Amino acid sequence: MSSKKIELDHKDMVHDSAIDYYGKRLATASSDSTVKISSIGGKSAPSQLLATLSGHYGPVWRVAWAHPKYGTILASCSYDGRVIIWKEGAGGHWSQAHVFTDHKSSVNSIAWAPYEVGLCLACGSSDGTISVMTMRADGGWDTARIERAHPVGVTAISWAPATALGSLAGSGELVYKLVSGGFDSVVKVWGFVNGGWKLESALPSDVHTDCVRDVAWAPVLGLAKATIASASQDGKVIIWSRGKVGDKWEGKVMHDFGSPVWRVSWSLTGNILSVAAGENNITLWKQASDGQWEEVMKVEPTKPESSEEVKAEQ
C-alpha cells in the first residue's frame, strides 16, 4: 500500500478531509476558516491547490462531497453556525449555492444522504438540533428540524443505507433513517415517518461514559442485520447491531483504545472499519468468524519534515 504526501496551504490546524467520488480531489477543512480543494495527482503528477473557499467566520469542522449525480457539490460546516453548500461551475470556479444560517451555535457534523434519497444534507449542532436540508426541483431548499435531538449538543451524524436489509439495490422502498451522537454520551436512531423525523431508538446510555465523537452506519447490501459504529471520548468503539426492524439494538465493545476516538468510517462493503484515535493512531479492523473484531492493519503516518507540516497534518 503506497502513500502520497499532499502539501496543504492551510494557516492553522486541519480538522477534516474528504476525497471526492472519483478519488481525484481532496477537500480539507481548517481552523483558518477556509476550505481548500487540492488535486491528488498520480505517480508522476504532483498534487496542487485548485481552490480556496472562503465564507466561514470560524473554524471549519467538516467537509462532505455530494454524489456526482448532482454535479460537483461540496458542503462545509463551522463553529460560526453556518452550513455552506459550494458548487463548482465552469473553469473550476466555486460559488456559494446556498448558505444555511438557522443554527444558533457551532455546526459540528454534516452528512449527505444516499444519492437515491435525493440531494439531502443532515446537520448536527451544539444547539441540540438536527437539521435536514433537501433541495427542491426549483433549486431552493426545504428544511426539516429535529428539535432537542441531543439537548446538550449534537456531535456526529450518519445516514442509514437507502436499501432495506436483505434486499438488492434498486428494489423495494427507500430507507430514511439517521443515527446521531451527542455530548450527552448517547447514540440515537431517527426515522422519517408520516412527513416528520421521529426518535426510533435511544441506544443504551450506559455504554459510552463520555461525549460521542463520531457515528457511522455500515452499508448493508444483502446483509441480514444493520450495523452502526460509535466512537467516544472515553476511548471505546462500540459496534451496535440489530436484526429485523423491531428488534433491539445490541452494543458490543469492539476495542478500548485508551485515548479519545475521533473518527470511524466503514469500507464500501461494510466489513472493514477504519478508526482514528489518540494522536496519529489510525487502524483498520475486521470481524473474524468467531464474531470478535481484529486489527488487520495500522496506518503509519509519514514523518513530518517541519513544524508547518506537523500543524497541517493534525
Side-chain angles (χ1 to χ4, degrees), residues 8 10 12-18 28-32 58-64 76-79 105-111 123-128 130 149-158 179-188 202-218 227-240 251-267 272-286 293-304 309-314:
L8 302 177
H10 285 295
D12 208 333
M13 184 177 289
V14 174
H15 298 288
D16 194 23
S17 62
T28 49
S30 169
S31 275
D32 66 11
V60 185
W61 301 130
R62 296 278 185 107
V63 284
S76 58
C77 65
S78 167
Y79 179 78
S105 57
S106 175
V107 180
N108 303 315
S109 185
I110 48 175
C123 317
S125 170
S126 288
D127 64 13
I130 293 172
H150 294 266
V152 294
V154 184
T155 52
I157 200 156
S158 176
V179 60
S180 63
F183 287 110
D184 54 10
S185 312
V186 179
V187 176
K188 295 181 178 181
L203 307 192
S205 58
D206 59 348
V207 176
H208 284 304
T209 57
D210 207 336
C211 161
V212 176
R213 286 292 177 192
D214 202 14
V215 288
W217 202 312
T227 305
I228 292 169
S230 61
S232 171
Q233 185 80 18
D234 65 13
K236 296 185 185 72
V237 170
I238 307 293
I239 304 295
W240 306 88
K252 178 179 180 181
V253 178
M254 186 197 84
H255 188 69
D256 187 343
F257 289 83
S259 58
V261 186
W262 309 112
R263 202 65 60 88
V264 281
S265 179
W266 293 99
S267 63
I272 294 177
L273 184 70
S274 167
V275 180
E279 293 193 20
N280 293 328
N281 178 16
I282 300 173
T283 49
L284 303 183
W285 295 76
K286 188 171 184 178
W293 287 80
E294 300 175 344
E295 181 182 322
V296 293
M297 185 176 179
K298 184 176 180 67
V299 180
E300 297 291 345
T302 54
K303 187 176 180 182
E309 289 175 8
V310 170
K311 193 174 283 188
E313 288 182 3
Q314 289 175 335

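Fair warning: this is a prediction, and the values are worked out from it, not measured in the lab. Here, residue 1 is the first one in the sequence, and each next residue gets the next number.
In this structure, CZ on R263 lies 4.5 Å from CG on D16, to the nearest 0.5 angstrom. From I110, atom CD1 reaches atom CZ of R62 across 8.0 Å, with rounding to the nearest 0.5 Å. Residue C123 holds its SG atom at 10.0 Å from CD1 of I130, rounded to the nearest 0.5 Å. N281 CG to F257 CZ: the interatomic distance, rounded to the nearest 0.5 Å, is 6.5 Å. With rounding to the nearest 0.5 Å, the separation of OG in S265 from CG in L284 is 10.0 Å. Between the CG atom of L273 and the NZ atom of K286 there is a distance of 13.0 Å, given to the nearest 0.5 Å.
Of all heavy-atom pairs spanning A229 and W266, the tightest one is CB-CZ2, 3.7 Å. Between S259 and G278, the shortest heavy-atom distance links the atoms OG-CA, 3.3 Å. The two residues S78 and G58 come nearest to each other via the heavy atoms OG-O, 3.3 Å. Across P59 and H15, no two heavy atoms sit closer than the pair CB-NE2, 4.4 Å. Here the shortest heavy-atom pairing between D234 and T209 reads OD2-N, 2.9 Å. Closest of all the heavy-atom pairs between R213 and Q233 is NE-OE1, 2.8 Å.
Side-chain polar atoms of S125 and N108 form no donor-acceptor pair below 3.5 angstrom. W240 and S230 share a donor-acceptor pair across their side chains, judged by distance under 3.5 Å alone.
With contacts defined as side-chain heavy-atom distances shorter than 4.5 Å, the pair V215/V264 does not qualify.
Counting only distance, with no hydrogens or angles, the side chain of D214 and the backbone of A231 share no donor-acceptor pair below 3.5 Å. Distance alone, capped at 3.5 Å, is enough to place a donor-acceptor pair between the S158 side chain and the W217 backbone. A donor-acceptor pair is defined here as one N or O able to donate and one able to accept, closer than 3.5 Å; no such pair exists between the side chain of S180 and the backbone of I157. Put simply, the side chain of S232 gets close to the backbone of D210: a donor and an acceptor are under 3.5 Å apart. Without hydrogens or angle criteria, D184 side chain to H150 main chain gives no donor-acceptor distance under 3.5 Å. With hydrogens and angles disregarded, a donor-acceptor distance shorter than 3.5 Å links the side chain of T155 to the backbone of V212.
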Item checked: Derivation of the side-chain hydrogen bond (donor to acceptor under 3.5 Å, both in side chains) call for W61 and S106 -> CA-CA 9 Å; W61 301 130; S106 175; 2.8 Å; yes
Notebook entry, point to check: Stepwise, does the side chain to side chain contact (heavy atoms under 4.5 Å, CB included) test hold for S109 with V154?
Noted result: CA-CA 8 Å; S109 185; V154 184; 5.9 Å; no
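Legend: residues meeting side chain to side chain donor-acceptor pair (under 3.5 Å) with W262, ordered by chain and number and at least two apart, are absent. For F183, the ring pair (Phe, Tyr, Trp, His ring centres under 6.0 Å) test picks out no residue, with sequence neighbours left out. Evaluation of the side chain to side chain donor-acceptor pair (under 3.5 Å) rule for S30 yields D32 as partners, not counting sequence neighbours.
The aromatic rings of W285 and H255 sit tilted, their planes meeting at an angle between 30° and 60°.
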